[in-house]
Amino acid sequence: MTHPFSSYRKLFPILENTVQLSSCSQSAMSLPVRQAIDDYLAVWTTRGADWGYWMEQVALARAEFARMIHADADDVAVLGSVSDAASSIASALRFDDGRDGIVTGSLDFPSVCHVWLAQQSRRGAQVRFVQARPGASDTTARLVQAIDASTALVSVSQACFYDGQLVDIAATGAAARAQGALQFVDAYQSAGSRTIDVRAQGVDMLAAGAQKYLLGIPGIAFLYVRPELARQLEPAVTGWFGRVNPFAFDPARLDFAASAQRFNTGTPPMMCASVARASIGLLNEIGVPAIEEWLGLLSAVALEEAPRLGLEVVSPTVPGAKGANTAIRVRNAAEVEARMLAAGFVVSARNDVIRIAPHFYNTAEDVVGALRELARLTR
Ligand SMILES: Cc1ncc(COP(=O)(O)O)c(C=O)c1O
C-alpha cells in the first residue's frame with residue numbers, strides 16, 4: 001500500500017528507529033512542535049515576558065482548532081483539560097427544573113463521567129449509564145433509545161478510548177434535540193483523526209485535548225459551544241479570561257463574554273497553545289479527511305491481519321464501526337507494552353488490551369510489524 005504522506009515522516013524524528021502507534025495516548029513529537037517549544041523558550045529568555053506573543057499563540061491555536069471542526073474561533077474556549085471543560089459546562093446547567101437526566105455511555109472516559117456523577121451527588125442530576133459492550137456497533141442506537149423528556153444532557157465519546165468504537169454524534173445529537181436536551185461530545189479520541197463539522201453534525205458542545213490525535217501535549221483542551229447556546233449559559237466555574245474584557249481588572253464586575261469565550265477560566269496554557277498551534281496547523285495543512293481515509297485503510301489492515309496471527313480483536317470488526325485504534329486482548333497488558341517498546345514499537349496498554357493506534361505518518365508495514373511482534377510476544 002503506497003503511503004500518501006511519506007514525505008511528512010521526516011518531520012517525526014522518532015520514526016527513524018521506532019514505530020510509534022500510540023496516538024490514542026500520545027502521538028509522535030514533530031519538528032514543528034519542537035520549534036514551537038523552542039520559540040516559546042526563546043521569547044521568555046530574550047524578552048522576559050511578552051503578553052502580546054502569548055495571547056497571539058492562544059488565539060492562533062484556537063483558530064486552528066476551530067478551522068479543524070468547521071467552527072468560528074470565537075466559539076471555542078481554551079481550558080486545561082477535557083475534565084475542566086465538562087466541569088465548566090456542568091456548572092452552567094440546571095438539573096432542578098424537571099429535567100435532571102444525564103445520559104452517557106458505560107465505556108466513556110472516566111473523568112468526564114466523574115464530572116457528571118459529581119452533578120448527581122451535589123446538584124440533583126440523575127446519571128444513566130447506557131451499557132456499551134466492547135466491540136459493539138450498536139452503542140449509538142442504545143444511547144438514542146435512552147434519551148427521553150427527562151434528559152437534560154447527553155454525553156457521548158465520539159471514539160472510545162478503549163476499543164475505538166464510534167458513536168454517530170449527528171444521530172445522538174438529533175435525538176437529544178428532539179427531546180429538548182443538549183449534547184456534549186468528548187472528541188479527545190476523534191479530533192485530528194476524523195472529520196468533525198460541528199454545524200453539519202448539529203453539535204451543541206464539543207471538547208478535545210491536544211495530546212492524542214492532535215499531535216500535541218497535555219495541559220490544553222478546546223471547548224466548542226454553539227453560539228446561540230453559549231449566550232444562554234453562565235458558568236459558575238469561571239475566571240478572568242471568561243470576562244468581556246479580561247484586561248479590565250474589575251474585581252466587582254462579573255460579566256460574561258458574548259461567545260464561548262465565557263467558558264475560559266484563568267491564564268491560558270500559553271506554551272501548550274504554541275504547541276497546539278503548530279501541531280493542529282500541520283494537521284490542517286494535510287487535511288483531516290485525507291488522514292481519516294488513510295486511517296480507515298490502516299484499520300482494515302489491522303482487522304485483517306490480527307485474526308490471521310491468532311490475536312483476539314476487542315474492537316468492533318464491522319466496517320466503519322471503529323476509529324483508528326485497534327484493541328487486542330492480552331494478558332499482562334502493561335508488561336506487554338514494555339516488551340513491545342523494547343522491540344521498537346510504542347503501543348498503549350489499557351486494562352486487558354494493547355491498543356494499536358496509528359496516525360497519518362504510519363505505514364501499513366508499521367501496523368503489520370507491530371501485530372506480528374505482539375503475536376510473537378504473547379504466543
Ligand atoms: C476520550 C477521552 N476523554 C477524556 C480523556 C481525559 O481528558 P483530560 O485528562 O483532559 O480530562 C481521555 C484521556 O485518555 C480520553 O481518551
Side-chain angles (χ1 to χ4, degrees), residues 21-27 61 65 69 76-91 102 104-119 129-130 132 134 139-140 143 153-169 172 183-194 196 203 205-224 237 263-266 268-269 272-273 275-276 279-280 314-316 322-327 333-334 337 346-351 353-359:
L21 289 161
S22 58
S23 287
C24 57
S25 171
Q26 171 71 71
S27 286
F65 183 77
I69 63 167
V76 173
V78 174
L79 291 121
S81 69
V82 167
S83 311
D84 290 349
S87 282
S88 261
I89 290 294
S91 78
I102 301 179
T104 193
S106 63
L107 279 178
D108 281 20
F109 196 79
S111 73
V112 175
C113 299
H114 295 167
V115 171
W116 308 142
L117 286 174
Q119 310 314 307
F129 282 103
V130 171
T139 303
T140 300
L143 285 162
L153 182 70
V154 182
S155 173
V156 303
S157 182
Q158 188 178 12
C160 176
F161 77 100
Y162 175 70
D163 67 351
Q165 66 174 262
L166 294 171
V167 167
D168 178 350
I169 59 172
T172 48
Q183 176 173 237
F184 175 89
V185 177
D186 176 355
Y188 210 157
Q189 292 286 344
S190 50
S193 66
R194 307 192 66 73
I196 296 173
V203 170
M205 301 162 284
L206 177 142
Q211 188 180 15
K212 305 179 195 302
Y213 296 90
L214 292 184
L215 304 177
I217 53 174
I220 188 167
F222 300 94
L223 170 65
Y224 163 82
V237 170
F263 288 95
N264 296 329
T265 56
C272 301
V275 166
S279 68
I280 305 173
V314 176
S315 296
K322 76 170 197 65
N325 165 26
T326 303
E337 179 191 282
V346 184
V347 294
S348 173
R350 268 288 175 273
N351 301 346
V353 296
I354 285 290
R355 300 176 297 172
I356 308 277
H359 213 316

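Below, all heavy atoms of this structure are taken into account, side chains as well, without hydrogens, waters or symmetry copies. Just so you know, these numbers come straight off a predicted model, no measurement behind them. Start at 1 and go down the list; that is how both ligands and their atoms are numbered.
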heavy-atom search around atom 3 (N) of ligand 1 in the protein gives D186 OD2, 2.6 Å

Shortest non-hydrogen contact from Q165 to L107? NE2-CD1, 3.6 Å

Of all the atoms in ligand 1, which lie at a distance below 4.0 Å from a heavy atom belonging to F161? 16 (O)

With a cut-off of 4.0 Å, which atoms of ligand 1 are near a heavy atom of S81? 8 (P), 10 (O), 11 (O)

Positive for side chain to side chain contact (heavy atoms under 4.5 Å, CB included) with Y213, one of S190, S23, S279: S23

Heavy atom of the protein closest to atom 5 (C) of ligand 1 (residue, atom name, distance): F109 CD2, 3.3 Å

For ligand 1 and K212, I'd like to know whether there is a polar contact (N/O to N/O, distance under 3.5 Å). yes

Among all protein non-hydrogen atoms, which one is nearest to atom 8 (P) of ligand 1, and what is the separation to 0.1 Å? V82 N, 3.7 Å

Which pair of heavy atoms, one from S25 and one from R355, lies closest together, and at what distance? CB-NH2, 4.1 Å

Specify whether F161 and F109 have parallel, tilted or perpendicular ring planes, treating 30° as the upper limit for parallel and 60° as the lower limit for perpendicular. perpendicular

Of the backbone atoms (N, CA, C, O) and the side-chain heavy atoms from C-beta on, which set of S83 has a member under 4.0 Å from an atom of ligand 1: side chain, backbone, both, or neither? both

Within less than 4.0 angstrom of ligand 1, does A221 place any heavy atom? no

Per-atom filter on ligand 1: closer than 4.0 angstrom to a heavy atom of S111 are 6 (C), 11 (O)

For P358 and L21, which heavy atoms make the closest approach, and how far apart are they? CB-CD2, 3.6 Å

Could you tell me which non-hydrogen atom of D108 sits nearest to which non-hydrogen atom of S157, and how far apart they are? OD2-N, 3.3 Å

Closest candidate by heavy atom, reference atom 16 (O) of ligand 1, pool Q158, Q211, R350, Q189: Q189

Could you tell me whether the side chain of L215 reaches within less than 4.5 Å of the side chain of I280, counting heavy atoms only? no

